[in-house]
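So the structure is just underneath, and the comments pick up after that.
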Amino acid sequence: MKIREIVELLEADVLCGADRLESEVHSACGSDMMSDVLAFVKDQAVLLTGLVNAQVVRTAEMMDMRCIVFVRGKMPPPDVIELADDSGLVLLSCRERMYVACGRLYTHGLTGGGVVGE
Amino acid sequence: MTLHYDIDGENFQTAGEASANVKKVLRQLGISTDIIRRVAIAMYEGEINMVIHANGGVADVAITPDRIEMTLEDSGNGIPDIALAMQEGYSTAPENVHELGFGAGMGLPNMKKYTDEMKIESTVGVGTKVFMAVNLK
């Protein structure tokens, strides 16, 4: 799935990385606990979360993710958007709650992929 | 090659800067993506720990032909029971850290999981020194 399709499916706003929407992503994860993302995620390119602090961007950066989707209409502060842009990430914000946003992407083929240890 | 970083304990927002820089350097050196990710995650967890628990500290990274070694040292309260701290889910992080997405008791276990060697030396009231290494071969 291209990131552009995520934008369309979730009617999301693009906060940064508008020039990177043609990137292909193959799996995603949803979490508000960055410790768990660092512990269990493997090769998921998209992170859906309700947290908007700088550590969400840092976590995605460490995991080589491509895109963060903020759910529940959350908006990160400008310095967080700038950090993400510098890191080459795409930031999106959508109104849907976590469960619905994940479900919509999943039913359109963006699955969870594998987890570490499996 | 050696790298040195001062980890600012006052600002949670800047935690991760050192790890991001290490990642960039390793990428420039042409190290494989898998190795870089393991180093970056282990160092990032260590950095977060120093900010949450020890008011910052120093991090030194040595890159040799055989492996990447990270030494993180702080002058915090120390860890009274290292075996307990190594258990998944055990955390002494304050509640406000949970709201930031950390404090699930996964930091030290994660650091061990992603590295080939890990040693912790800690003295209560003096500080903690964490050594981690990821083999390149």
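By convention in this document, chain letters (A, B, ...) are assigned in the order of the sequence lines, proteins followed by strands, and residues within each chain are numbered from 1.
Neither the backbone nor the side chain of B:I36 comes within contact range of chain A; no heavy atom of the residue lies under 4.5 Å from a heavy atom of that chain. Only the side chain of B:Y44 comes within less than 4.5 Å of a heavy atom in chain A; its backbone stays farther off. If you measure heavy-atom distances from A:L38 to chain B, the contacts under 4.5 Å come from both the backbone and the side chain. Looking at B:E45, only its side chain comes within 4.5 Å of chain A, counting heavy atoms on both sides.
In this structure, B:Y90 is not a member of the same hydrophobic cluster as B:L108, with clusters built from ILVMFWY side-chain heavy atoms closer than 4.5 Å. A chain of hydrophobic side-chain contacts below 4.5 Å, direct or via other Ile, Leu, Val, Met, Phe, Trp or Tyr residues, connects B:M86 to B:Y114. Both B:L29 and B:I41 belong to a single network of hydrophobic side chains, linked directly or stepwise wherever heavy atoms of I, L, V, M, F, W or Y lie under 4.5 Å apart. Hydrophobic clustering of Ile, Leu, Val, Met, Phe, Trp and Tyr side chains at less than 4.5 Å, counting indirect connections, unites B:V134 with B:Y5. Clustering ILVMFWY residues whenever any of their side-chain heavy atoms sit less than 4.5 angstrom apart, transitively, puts A:M75 in a cluster other than the one holding A:L92.
Side-chain contact check for B:R37 versus A:D43: some heavy-atom pair is nearer than 4.5 Å.
Within a 6.0 Å radius of CG in A:D36, other residues, nucleotides and ligands contribute more than 12 heavy atoms.
When all heavy atoms of B:F102 and A:M34 are compared, the closest pair comes out as CZ-CB, 3.6 Å.
Taking chain A as the reference chain and counting heavy-atom pairs below 4.5 Å, the highest number among B:M43, B:M106, B:K23 is found for B:K23.
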Can you give the donor-acceptor pairs under 3.5 Å from side chains of residues 2-17 of chain A to other protein atoms, not counting sequence neighbours?
residue	atom	partner	partner atom	Å
A:R4	NE	A:E22	OE2	2.5
A:R4	NH2	A:E22	OE2	2.7
A:E5	OE2	A:K2	N	3.0

Show me, pair by pair, the donor-acceptor contacts under 3.5 angstrom made by side chains of residues 121-133 of chain B, not counting sequence neighbours?
residue	atom	partner	partner atom	Å
B:S122	OG	B:I79	N	2.7
B:S122	OG	B:G127	O	3.4
B:S122	OG	B:T128	OG1	2.8

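Evaluation of the side chain to side chain donor-acceptor pair (under 3.5 Å) rule for B:S19 yields B:E47 as partners, not counting sequence neighbours.
For residues 53-72 of chain A, the interface with chain B (any heavy-atom pair closer than 4.5 Å) comprises A:N53, A:A54, A:Q55, A:R58, A:T59, A:E61, A:M62, A:M63, A:D64, sorted by residue number.
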